[in-house]
Amino acid sequence: MSLPAREPARPPGAARRTNAAPGRNAFVYRPTASPQEAAIWTQRQVALTNLRTVAGRAYPRVTGLLREKSWIFFEILLPFLSTSAFVFVYRALEAPPQYIGFVVLGGAMTAFWLNVIWMMAQQLWWEKSQGNLELYFAAPMNIMAVLFGMAFGGFVMSSSRAAAVLVIATTVYGVTFAIDQWALLIGVFLLTLAALYGLGMVLASLFLMWGREAWHLTQLLVEPVYFVSGLNFPVGRLGVLGSIAISILPLAVGLDAMRQLAFADAAYPIGTPSPAVEALILVAMTVVFLVLARWTLVTLERRARQEGRLSVRWQ
Amino acid sequence: MTTEPAIRPDAAGLASPEWGGFDMARTRGRGWPDVRRSFTTAVRLGWQMEANWTDPVLFFIYSVAKPLASALILVVMLDVISGGAKPEYRAFVVVGSALWSFVLSGVSGLAWMILDDRERYRMLKYIYVSPSDFLAVVFGRGVARIGVGAMGAAITLAIGVVFLNVPFDVSRIDWPILVTVMTLGVGSILAIALLLAAICMQTRQESWSYPEAAAGALFLVSGVVFPLSVLPLPVQALGLLTPLTWWVEGVRLALFPGGLTAIGGPGSLFTELTGTAGPGAAMIVLVLLATGAMATLGALAVFRASDRRAKDRGLLDQTTGS
């Protein structure tokens, strides 16, 4: 049954709201007869609210890109320093120049991985510690939209870091790329990021349940993942371990494909799939991670509510 | 129903002295015994915060995984290029990356203690106004993380020897040198850590990454996983001024006498200046002592200055949303 729309009472002297009035939009003003009717949202309102949520959650990360200058310094400096250390290891070993390029590419991709684990996986735990998480759940939005917003903002933020590291390190260490298939390289890069942030969304959902262990386990996902992903060497050298990494870690498969495409003239160890096959693996990973993130989020949110963990802090 | 006694037994020590007056000694504290008690309590608290979030097995895996993975990355890089033809270089990188877990845990331990207690648990101001010596509490909390780092370093070395064919002979260890350089080295790590804790006391939400950034910079110039000779000369000079360079060199010399040197060798600034292939044990200890003393004095001065400024600007109870 549809209820008649009625203008709510206006304070005396207040101007009548029109469609052109500020604030007159699908979110904040809709004449309804009752609170019950106001709670019934149209599909358009739901979609717009979720889009607005994505934009709202991405905003601080995109804006913070320039607002907090010291972040720029440290987030470029950190990957650059560790990249430089590995470059010098290869120089000490008198390795072929392509290996220095492998390290530089891997160093640039660490910006994304660090962003995924620190600012995606751990974010909901972080919000819980600050007391924001209950506000997220109380707000009339889909929490997946929050995760998408975090991912989009993180992607923009990390892209600038990765680009800076890539340009600086390439210039300083004289890396030469040999690219034959630009379109595939760009496609693989974007698919890698989609799969990476999908994995970040899964981890964020998992960390919803955890307390301090989330912090510690995040740390556990840095160096061991770098190792099995072949951050500084072709992952095919790891044999079975490398194959397992390629089948479950977007960083491993993405890096391997990008190296094959960016250093087409390099002697590359056999044993890993071709870039086209690895692109398909990344597509599959993206779909699986997004579906899994949705499922884990719903399941673990329900469980966290039952166990009263959504608002537990400092545990 | 039971009623609570007027004076709880555990509060008896807080009551007036038997003679009924005011005991001035209580306001002054008892000196060293109080410092020792604060330190041990902080160590215990720090250890529980570090370790009681999970079961011992997972904690062990967590403690070992990071340094071990770091060492394995380097070992595979080495094998990719040399095909296992340089066993002495393998020992070089395994020892360097194992020791570096000390530095990472020590440096981040003290700085994160300040940030954890100020930003997350919001207890720093209460710790500060308690009768405990603040410096003793800071060091005590950091010791727990150094313990975790030490465990990771020891296991990485053991795995390097057992599984990665690092040539190691216990009978060849130079124990006096090892004990001396380890003592001086850990002192230097604590000094650098104190310096970073002092900086973090002044800074805002991005400070969590400062220890890692500092450790990353030191990693590059300390000859941890590659000889300094591959670096440009001015950077080598910077590395020679760092106590960590001499600490890592000293431990390598004690564990693998006659092995590769990170400081000397062809093309190195050290060899150019001294005309020798590498530093001897006495020189390592002396330079480590000198650079470590400078680092310690500098860190103490900076910490005291930071402490005064934090009180002046109200930084001890600021939270910056990090």
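First the proteins, then the strands, lettered A, B, ... as listed; each starts at 1.
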Worksheet entry | Which portion of B:Tyr89 sits near chain A, non-hydrogen atoms under 4.5 angstrom | side chain
Fill in: Proximity breakdown for A:Ser82 and chain B, heavy-atom pairs closer than 4.5 Å
neither
Fill in: Crowding at CD, B:Glu212 (>12 non-hydrogen neighbours, <6.0 Å)
no
Worksheet entry | Closest-packed option against chain A by number of heavy-atom pairs under 4.5 Å, given B:Pro67, B:Ala213, B:Ser82 | B:Ala213
Worksheet item: Which pair of heavy atoms, one from B:Met77 and one from A:Leu93, lies closest together, and at what distance?
Response: O-CD1, 4.2 Å
Item to complete: Return yes when atom CD of A:Glu94 has more than 12 non-hydrogen atoms of other residues, nucleotides or ligands closer than 6.0 Å, and no otherwise.
Response: no
Fill in: Under 4.5 Å from any heavy atom of chain A - which part of B:Leu74
side chain
Worksheet entry | Residues in residues 238-246 of chain A near chain B [non-hydrogen atoms, under 4.5 Å] | A:Leu238
Item to complete: Counting only heavy atoms closer than 4.5 Å, note whether B:Asn52 contacts chain A via side chain, backbone, both or neither.
Response: both
Discussion item. Looking only at heavy atoms and a cut-off of under 4.5 Å, which of A:Val222, A:Asn232, A:Leu231 has the most pairs with chain B?
Written reply: A:Asn232
Discussion item. Does any backbone or side-chain atom of B:Leu72 lie under 4.5 Å from a heavy atom of chain A? Answer side chain, backbone, both or neither.
Written reply: both
Worksheet, complete the sentence: Bottom line for B:Phe219: the part with an atom under 4.5 Å from chain A's heavy atoms is side chain
Item to complete: Go through the steps for B:Leu68 and A:Phe227 under the test side chain to side chain contact (heavy atoms under 4.5 Å, CB included), then give the verdict.
Response: CA-CA 10 Å; B:Leu68 187 60; A:Phe227 170 60; over 6 Å; no
Discussion item. Can you give me the closest heavy-atom contact between B:Phe226 and A:Ala92, atom names plus distance?
Written reply: CB-CB, 4.1 Å
Item to complete: Applying side chain to side chain contact (heavy atoms under 4.5 Å, CB included) between A:Phe88 and each of B:Val225, B:Val235, B:Leu220, B:Leu228, report the one that passes.
Response: B:Leu220
Item to complete: For B:Ser70 and A:Glu223, work out which heavy atoms get closest and say how close.
Response: OG-CG, 3.3 Å
Discussion item. With a sphere of 6.0 Å drawn around OH of A:Tyr136, does it hold more than 12 non-hydrogen atoms of other residues, nucleotides or ligands?
Written reply: yes
Worksheet item: So how far is it from A:Leu217 CG to B:Thr54 OG1, rounded to the nearest 0.5 Å?
Response: 7.5 Å
Practice prompt. Test B:Ile73 against A:Phe233 for side chain to side chain contact (heavy atoms under 4.5 Å, CB included), laying out the working first.
Written response: CA-CA 8 Å; B:Ile73 288 173; A:Phe233 50 81; 4.3 Å; yes
Practice prompt. Apply the test side chain to side chain contact (heavy atoms under 4.5 Å, CB included) to residues B:Arg120 and A:Trp126: give CA-CA distance (whole Å), side-chain angles for both, the deciding distance (0.1 Å), then the verdict.
Written response: CA-CA 10 Å; B:Arg120 193 181 299 168; A:Trp126 205 243; 3.6 Å; yes
Worksheet entry | Minimum-distance pair of heavy atoms, taken over all atoms of A:Leu81 and B:Ala217 | CD1-N, 3.5 Å
Fill in: A:Phe80 portion near chain B, given a 4.5 angstrom heavy-atom threshold
neither
